[in-house]
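Each residue takes its place number in the sequence, starting with 1.
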Amino acid sequence: MARFQGMSDEDKLNDIQILNGALFFENRAVWAYGFAAGKLSTSEVGKTVLELGLQNRADHEKHQDMLRSAISEAGGKPVQMEKNYDLSTYIGKGQGNVDSDVNIAKRALALEIGAAVGYVSDAAKLKSPYMIELEAGIACIEAIHAARIRAAFNALGIKIPVVPSALISTSDRDNWVIKVDRAA
């Protein structure tokens with residue numbers, strides 16, 4: 001509670017709502033990595049995507065714990081994880097799918113970019129210095145996840161820049177995402 005002393009109830013509520021939004025997306029990421037794991041093949045590509053996905057998922061689980069703790073400490077109630085999440089908007093935008101190992105990796109990349117961008121923009125709306133540092137720190141890890149996925153594409157022979165832009169924000173999100181190739 002010491003981290004939130006001197007904050008108005010309105011400021012605490014603001015931060016709790018923002019962190020609960022972040023927790024929703026962390027819950028979705030944990031679910032998405034688990035869901036995708038069952039769709040991967042046993043090929044070299046599938047095994048590579050699975051290994052990276054398990055590493056990223058472990059970080060998301062830690063983020064869940066950090067966010068739940070911060071929300072509770074601020075006097076809020078953390079949102080619960082749902083049984084299923086809808087990722088059809090990513091598929092509709094051509095930002096991944098579950099029909100191949102490569103498209104699963106593209107969808108994971110889109111989710112990680114969305115998380116990094118979301119944390120960056122949300123941090124600016126927080127009132128508590130502790131919460132700002134928490135969200136900014138998680139944003140860094142999400143950006144690292146995205147770069148690791150892009151590096152994995154290179155290791156698999158799909159040559160792309162690991163860091164395609166000097167900025168990761170809503171304005172340059174499309175530079176980071178890899179679109180699904182659509183059949184002509």
Handout entry: Student check: side-chain heavy atoms of Arg28 and His60 closer than 4.5 Å
Key = no

Practice task
Identify the two heavy atoms, one from Leu52 and one from Ala152, that lie closest to each other, and give their separation to 0.1 Å.
Solution key: CD2-CB, 3.9 Å

Problem - Over 12 foreign heavy atoms within 6.0 Å of NZ, Lys77 - result: no

Practice task
Test Val102 against Phe153 for side chain to side chain contact (heavy atoms under 4.5 Å, CB included), laying out the working first.
Solution key: CA-CA 8 Å; Val102 170; Phe153 275 106; 3.8 Å; yes

Completion exercise
Interatomic distance, CG@Leu23 vs CD@Gln64, rounded to 0.5 Å, equals 6.5 Å

Exercise for the section: Spell out, yes or no, whether Ile149 and Val120 are grouped together once hydrophobic residues are joined by side-chain heavy atoms under 4.5 Å, including indirect joins. Expected result: no

Problem - Separation of Leu87 CG from Asn97 CG (nearest 0.5 Å) - result: 10.5 Å

Exercise for the section: Sequence neighbours left out, what passes side-chain contact (heavy atoms from CB on, under 4.5 Å) with Ile144? Give chain and number order. Expected result: Ile141, Arg148

Practice task
State, with a plain yes or no, whether a side-chain heavy atom of Lys127 is found less than 4.5 Å away from one of Met7.
Solution key: yes

Exercise for the section: State plainly whether the residues Glu61 and Arg57 are in salt-bridge range, i.e. N to O under 4.0 Å. Expected result: yes

Problem - Within-4.5 Å side-chain heavy-atom neighbours: Val177 and Lys93 - result: no

Practice task
May I ask you to decide whether Arg68 forms a salt bridge with Asp65, counting only side-chain N to carboxylate O separations under 4.0 Å?
Solution key: yes

Practice task
Answer yes or no: is there a donor N or O on one side and an acceptor on the other, between the side chain of Ser69 and the main chain of Met66, under 3.5 Å?
Solution key: no

Practice task
I would like to know whether Val98 and Asn103 meet side chain to side chain contact (heavy atoms under 4.5 Å, CB included); could you show each step before the answer?
Solution key: CA-CA 6 Å; Val98 292; Asn103 285 342; over 6 Å; no

Practice task
Would you please say whether a donor-acceptor pair under 3.5 Å links the side chains of Glu82 and Asn27?
Solution key: no

Practice task
Say whether, by atom type as modelled, one donor and one acceptor occur between the side chain of Lys179 and the main chain of Gly94 under 3.5 angstrom.
Solution key: no

Problem - Asn175 versus Arg150, closest heavy-atom pair with distance - result: O-NH1, 4.1 Å

Handout entry: Centroid-centroid under 6.0 Å between Phe35 and Tyr85 rings
Key = no

Practice task
Give the intermediate values and the outcome of side chain to side chain contact (heavy atoms under 4.5 Å, CB included) for residues Asp122 and Leu126.
Solution key: CA-CA 7 Å; Asp122 282 354; Leu126 291 163; 5.5 Å; no

Problem - Any donor-acceptor N/O pair, Arg107 side chain to Tyr90 backbone, under 3.5 Å - result: no

Practice task
Taking all non-hydrogen atoms of both residues into account, name the closest pair between Glu135 and Ala22 and its distance.
Solution key: OE2-CB, 3.6 Å

Practice task
Classify the side-chain pair Ser128/Asp11 by whether it contains a donor and acceptor separated by less than 3.5 Å.
Solution key: no

Completion exercise
Distance col, row Ile91:CD1 vs Asp99:CG, nearest 0.5 angstrom, shows 8.0 Å

Exercise for the section: Spell out, yes or no, whether Ile138 and Ile132 are grouped together once hydrophobic residues are joined by side-chain heavy atoms under 4.5 Å, including indirect joins. Expected result: yes

Handout entry: Distance-minimising heavy-atom pair for Pro78 and Asn20
Key = CA-OD1, 3.3 Å

Handout entry: Verdict with supporting geometry, Phe25 and Leu111, side chain to side chain contact (heavy atoms under 4.5 Å, CB included)
Key = CA-CA 9 Å; Phe25 290 111; Leu111 286 167; over 6 Å; no

Practice task
Any chance you could measure Leu40, atom CG, to Lys47, atom NZ, to the nearest 0.5 Å?
Solution key: 12.0 Å

Exercise for the section: With rounding to the nearest 0.5 Å, note down the distance linking CG in Leu19 to CG in Asn14. Expected result: 9.0 Å

Practice task
Check the side chains of His63 and Glu142 for a donor-acceptor pair under 3.5 angstrom, ignoring hydrogens and angles.
Solution key: yes

Problem - Closest approach of Ile104 to Ala36 (non-hydrogen atoms, all atoms of both residues) - result: CG2-CB, 3.6 Å

Handout entry: Atom pair CD/NZ of Glu73 and Lys12 - distance to nearest 0.5 Å
Key = 10.0 Å

Practice task
Count the heavy atoms belonging to other residues, nucleotides or ligands that lie under 6.0 Å from CD of Gln55, then report whether that count exceeds 12.
Solution key: yes

Practice task
Tell me whether Leu134 is reachable from Leu13 by hopping between hydrophobic residues (I, L, V, M, F, W, Y) whose side-chain heavy atoms are closer than 4.5 Å.
Solution key: no

Exercise for the section: Output yes when a side-chain donor or acceptor of Asp101 lies under 3.5 Å from a complementary backbone atom of Ser41, and no otherwise. Expected result: yes

Completion exercise
What one should report as the nearest heavy-atom pair of Trp176 and Leu109 is O-CD2, 3.3 Å

